[in-house]
Structure formats: C-alpha cells, structure tokens
J.: 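Here it is, the structure, as structure tokens.
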Amino acid sequence: MKKIDHIIYGKLFEISFLIAFVILSYPIWLSLDINKQLANASVYQEAQYSYLDIEHNHNGPMFPMKNEEAMDKLSKTKINVTNETKTMENYSLILKIAKTSTLDYQFLNIFLDGKIQALKIFPMTEDYDYFYFVLDSNSIVGGKKTYNFLMWMDYETGNEMQGKSLNYSFELLNGINL
C-alpha cells in the first residue's frame with residue numbers, strides 16, 4: 001500500500017510542478033515581443049525569417065489628382081521588409097485590395113520607389129475576398145529594404161468613382177518571387 005501511495009504522491013508532485021511551471025512562464029512569454037521570438041526561433045532552427053513594418057497606411061476615400069499634386073500633397077507610406085537572418089531570402093511584396101472597396105482599382109496610380117505607374121499594369125490574382133497585386137519581387141540578406149509608396153486616383157477619373165472608398169493592406173510572401 002505504501003508503494004502505491006508513494007507513486008500517487010510522485011505523480012501529484014509532477015503534475016503540480018508542471019502546472020506551476022506553466023503558470024509562471026506564461027506571463028513571461030506574453031511580455032516578449034512576438035517578432036523577437038520568431039527571429040530567435042528562426043536563428044536556432046536555421047530558418048529564414050522576414051517581416052513587414054508599415055509606417056502610415058491610408059484607407060478610406062480617394063480623390064482624383066494629377067501625379068505632381070499627389071507627390072506634393074500625400075504622405076508616403078514607408079514599407080520596411082526586414083530579414084533578421086544571414087541567409088538570402090526571396091520575397092514578394094503584395095498589395096491586397098478588399099473586394100468590399102467601392103473604388104475600382106482600374107482608376108488607381110501608384111508611386112513605388114521613384115516610379116509612377118498605373119496599378120492595373122501590375123500582375124494581379126484574386127480570390128473571393130481580395131485582389132492581390134505583386135508590387136515587387138526581390139531578395140534580402142540580413143538587413144532592411146524600405147519602399148516609399150503612394151496611391152491615388154488618376155486625374156482623368158470620371159465622377160462615378162469620386163468619393164468611393166478603398167480598403168487595402170500589404171502582405172509579404174517569403175521564399176517566393178512572383
């Protein structure tokens with residue numbers, strides 16, 4: 001009987017220790033920055049790791065503008081692609097436009113790293129919820145690539161598109177050059 005009691009007490013001690021460990025380590029885990037956690041994990045697993053950092057992302061109504069006016073009056077969105085490993089990683093920078101937007105992407109111009117172009121010339125795919133535009137495909141090794149981005153309606157857009165809204169975001173596809 002004492003042997004069974006000893007086994008039961010041993011198992012209860014193991015379970016109590018495990019519960020205490022989880023309770024004490026969970027707040028510490030929450031306090032860590034998720035980007036740092038992923039970067040550290042990728043270094044230990046020899047994985048490639050990169051992420052986006054967006055500074056200023058405008059969603060909402062857009063109005064027709066001349067290209068020069070857009071460059072002078074609009075705030076540029078800074079898109080940072082960061083790779084925190086020492087390995088080369090291919091990536092594609094994707095612009096996602098929600099299909100719930102009321103503004104047709106056919107009327108949009110963009111500025112990306114010194115070039116003004118119509119959005120409709122970029123490669124595009126779609127699914128049920130979004131249009132996906134490949135803005136750039138590139139490689140990065142242990143550093144940061146910063147893009148300057150602007151988007152506005154072409155000056156020649158008719159009244160039917162004025163006051164319409166646009167909901168968009170950016171996405172990074174790792175390991176893929178499209």
Side-chain angles (χ1 to χ4, degrees), residues 33-39 41-42 47-85 87-178:
D33 180 17
I34 191 68
N35 287 335
K36 289 180 183 174
Q37 290 178 31
L38 292 173
S42 70
Q48 298 174 352
Y49 176 70
S50 62
Y51 59 91
L52 278 180
D53 179 29
I54 310 294
E55 298 172 20
H56 177 271
N57 191 14
H58 173 78
N59 281 288
M62 299 187 89
F63 305 96
M65 296 183 179
K66 293 182 180 177
N67 293 346
E68 302 80 29
E69 186 180 11
M71 297 301 295
D72 289 339
K73 293 186 177 181
L74 297 178
S75 299
K76 289 183 177 75
T77 297
K78 291 210 179 288
I79 305 166
N80 297 312
V81 177
T82 304
N83 177 0
E84 293 184 341
T85 67
T87 58
M88 181 175 1
E89 183 172 342
N90 295 325
Y91 68 89
S92 291
L93 178 62
I94 308 295
L95 171 66
K96 289 174 39 176
I97 297 181
K99 287 190 173 179
T100 57
S101 298
T102 56
L103 178 62
D104 187 345
Y105 70 85
Q106 299 282 337
F107 298 100
L108 297 174
N109 289 337
I110 69 164
F111 169 83
L112 184 68
D113 280 351
K115 291 182 185 176
I116 296 174
Q117 297 173 311
L119 182 61
K120 62 187 172 188
I121 70 164
F122 286 85
M124 188 268 295
T125 59
E126 62 182 291
D127 62 18
Y128 185 74
D129 296 319
Y130 295 97
F131 296 106
Y132 300 91
F133 295 90
V134 180
L135 298 181
D136 188 36
S137 291
N138 213 328
S139 298
I140 189 169
V141 178
K144 183 190 317 187
K145 165 77 172 145
T146 300
Y147 294 91
N148 290 308
F149 178 83
L150 286 175
M151 186 163 45
W152 64 95
M153 279 197 315
D154 185 77
Y155 184 71
E156 301 295 323
T157 303
N159 290 335
E160 73 279 0
M161 284 294 132
Q162 293 188 25
K164 303 284 182 164
S165 66
L166 181 70
N167 296 315
Y168 67 92
S169 61
F170 299 95
E171 188 173 291
L172 187 68
L173 293 179
N174 294 340
I176 300 174
N177 274 339
L178 299 174

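Just so you know, residue 1 is the first one in the sequence shown, and it goes up from there.
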J.: If you round to the nearest 0.5 Å, how far is CD1 of Ile97 from CE of Met151?
T.: 5.0 Å

J.: For Asn80 and Lys145, test the side chains for any donor-to-acceptor distance below 3.5 angstrom and give the result as yes or no.
T.: no

J.: Let me confirm one number: the CE-CE distance from Met71 to Met65, rounded to the nearest 0.5 Å.
T.: 12.0 Å

J.: Kindly indicate whether a cation-pi arrangement holds for Lys120 with Tyr105, taking the cut-offs as under 6.0 Å to the six-membered ring centre and within 45° of the axis.
T.: no

J.: Output the distance between atom CE (Met124) and atom CZ (Phe131), rounded to the nearest 0.5 Å.
T.: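 Reported to 0.5 Å precision, the distance equals 6.0 Å.
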
J.: Taking all non-hydrogen atoms of both residues, which atom of Ile94 and which atom of Val134 are closest, and how far apart?
T.: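 Closest approach of Ile94 to Val134, heavy atoms only: CD1-CG2, 3.8 Å.
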
J.: Applying the side chain to side chain contact (heavy atoms under 4.5 Å, CB included) test to Tyr91, which of Asn83, Asn138, Leu173 qualifies?
T.: Asn138

J.: Examine distances only and state if a side-chain atom of Thr102 and a backbone atom of Ser165 form a donor-acceptor pair shorter than 3.5 Å.
T.: yes

J.: Hey, is the main chain of Ala98 close enough, under 3.5 Å, to the side chain of Asn167 for a donor-acceptor pair?
T.: no

J.: Might you point out which heavy atoms bring Lys144 and Thr146 nearest each other, and give the distance in Å?
T.: CD-OG1, 3.8 Å

J.: Do the side chains of Leu74 and Phe111 get nearer than 4.5 Å, heavy atoms only?
T.: no

J.: Please determine whether side chain to side chain contact (heavy atoms under 4.5 Å, CB included) holds for the pair Gln117 and Asn109, giving the CA-CA distance in whole Å, both sets of side-chain angles, and the decisive distance to 0.1 Å.
T.: CA-CA 6 Å; Gln117 297 173 311; Asn109 289 337; over 6 Å; no

J.: As an exercise, state the distance from OH of Tyr147 to CZ of Phe170, rounded to the nearest 0.5 Å.
T.: 11.5 Å

J.: For the OH atom on Tyr130, are there more than 12 heavy atoms of other groups (residues, nucleotides or ligands in this structure) within a distance under 6.0 Å?
T.: no

J.: Decide side chain to side chain contact (heavy atoms under 4.5 Å, CB included) for Ile110 and Leu135; before the verdict, give the C-alpha distance in whole Å, the side-chain angles of both, and the deciding distance to 0.1 Å.
T.: CA-CA 10 Å; Ile110 69 164; Leu135 298 181; 3.8 Å; yes

J.: Does the side chain of Trp152 reach to within under 4.5 Å of the side chain of Asn67, using non-hydrogen atoms?
T.: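 Yes, their side chains come closer than 4.5 Å.
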
J.: Heavy atoms, side chains only, cut-off 4.5 Å: are Leu95 and Phe122 in contact?
T.: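 Side-chain contact under 4.5 Å: no.
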
J.: Looking only at the side chains, is there a donor atom on one of Tyr132 and Asp127 sitting less than 3.5 Å from an acceptor on the other?
T.: yes

J.: Kindly compute the distance separating NZ (Lys76) from CG (Asp113), expressed to the nearest 0.5 Å.
T.: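 So the NZ of Lys76 and the CG of Asp113 are separated by 10.5 Å.
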
J.: Find the distance between NZ (Lys78) and CG (Asn148) and round it off to the nearest 0.5 Å.
T.: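 Result: 4.0 Å between the selected atoms.
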
